[in-house]
Amino acid sequence: MISNSVLMLLRLIHIVVGMFWVGGAVFIAWFLVPAIRGAGPAGGAVIGQLQERKMSMYIMFFAIFTILSGLGLYWNDSAGFGSAWRNSGPGRTFGLGAAFAIVTMILGMTVNSPTAKKLGELGASMKAAGGPPNAEQQAEMLRLQMRLGKAGFAAAVLLTCAAAAMSVARYVP
């Protein structure tokens, strides 16, 4: 179906870019978001810096390239999405991993990215005000941080499950 050189390139992209996506999600969920939450109002400034550095855009880039290269690999292995291979142990397991990754990308686009943007904007407005945040701003910051923390944790778990499925799929009977 696909030449060996293209297949190797797809696999290289899928594994390396996927590694950045999974690693980034785990780091954000288990270390960065709790640290930002622990920093209180100052955490908004960190989120603002991450936005300036386009972190959400990079993560979305990683997600899209991981999923597109994975679809190319799946298409090749399944001989054009043939049902016989899709119904095999490897086909089902790769498909499950793909489903975890696609759900994670949707979660990132609909929850994580917009929430991080709101946090950055809130932090910037608090900084521009010059004084300590009022009770309403503190409550909103906490609410957004909690939402981002939960969604980020879900993304990290889903991507870990996707990586686990991908790593064992070829050996599933």
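Along the sequence shown, residues carry numbers from 1. Computed over heavy atoms, backbone and side chain alike; hydrogens, waters and symmetry mates excluded. Remember, predicted model here, so these are calculated numbers, not experimental data.
Closest approach of Pro34 to Ala29, counting heavy atoms only: CD-O, 3.4 Å. Closest approach of His14 to Thr66, counting heavy atoms only: ND1-O, 2.8 Å. Here the shortest heavy-atom pairing between Gly149 and Val33 reads CA-CG1, 3.6 Å.
Side-chain heavy atoms closer than 4.5 Å link hydrophobic residues (I, L, V, M, F, W, Y) into clusters, and following such links, even through other members, never connects Tyr74 to Phe100.
Cluster note: Met8 groups with no other residue, as no ILVMFWY side-chain heavy atom lies under 4.5 Å from it.
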Under the criterion side-chain contact (heavy atoms from CB on, under 4.5 Å), I'd like the reasoning laid out for Phe94 against Leu73: C-alpha separation, chi angles, the key distance, then a yes or no. CA-CA 10 Å; Phe94 277 124; Leu73 292 167; over 6 Å; no

Begin from the C-alpha positions of Phe20 and Phe62 and carry the test ring-ring contact (aromatic ring centres under 6.0 Å, His included) through to its verdict. CA-CA 7 Å; Phe20 283 117; Phe62 297 151; 5.6 Å; yes

Apply side-chain contact (heavy atoms from CB on, under 4.5 Å) to residues Ile67 and Trp21 and explain how you reach the verdict. CA-CA 11 Å; Ile67 288 171; Trp21 187 22; 4.0 Å; yes

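More than 12 heavy-atom neighbours from other residues, nucleotides or ligands sit within 6.0 angstrom of CZ on Arg37.
Between Met105 and Ile64 the shortest side-chain heavy-atom distance falls below 4.5 Å.
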With a 3.5 Å cut-off and sequence neighbours excluded, list the donor-acceptor pairs that the side chains of residues 38-61 form with protein atoms.
residue : atom : partner : partner atom : Å
Gln49   : OE1  : Arg53   : NH2          : 3.4

Going by atom type alone, with no hydrogens or angles, which donor-acceptor pairs under 3.5 Å involve a side-chain atom of residues 161-173 and a protein atom two or more places apart or on another chain?
residue : atom : partner : partner atom : Å
Ser167  : OG   : Ala163  : O            : 3.4
Ser167  : OG   : Ala164  : O            : 2.8
Arg170  : NH2  : Asp77   : OD2          : 3.1

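Between Glu121 and Lys118 there is no salt bridge, since no side-chain N of the basic residue sits under 4.0 Å from a carboxylate O of the acidic one.
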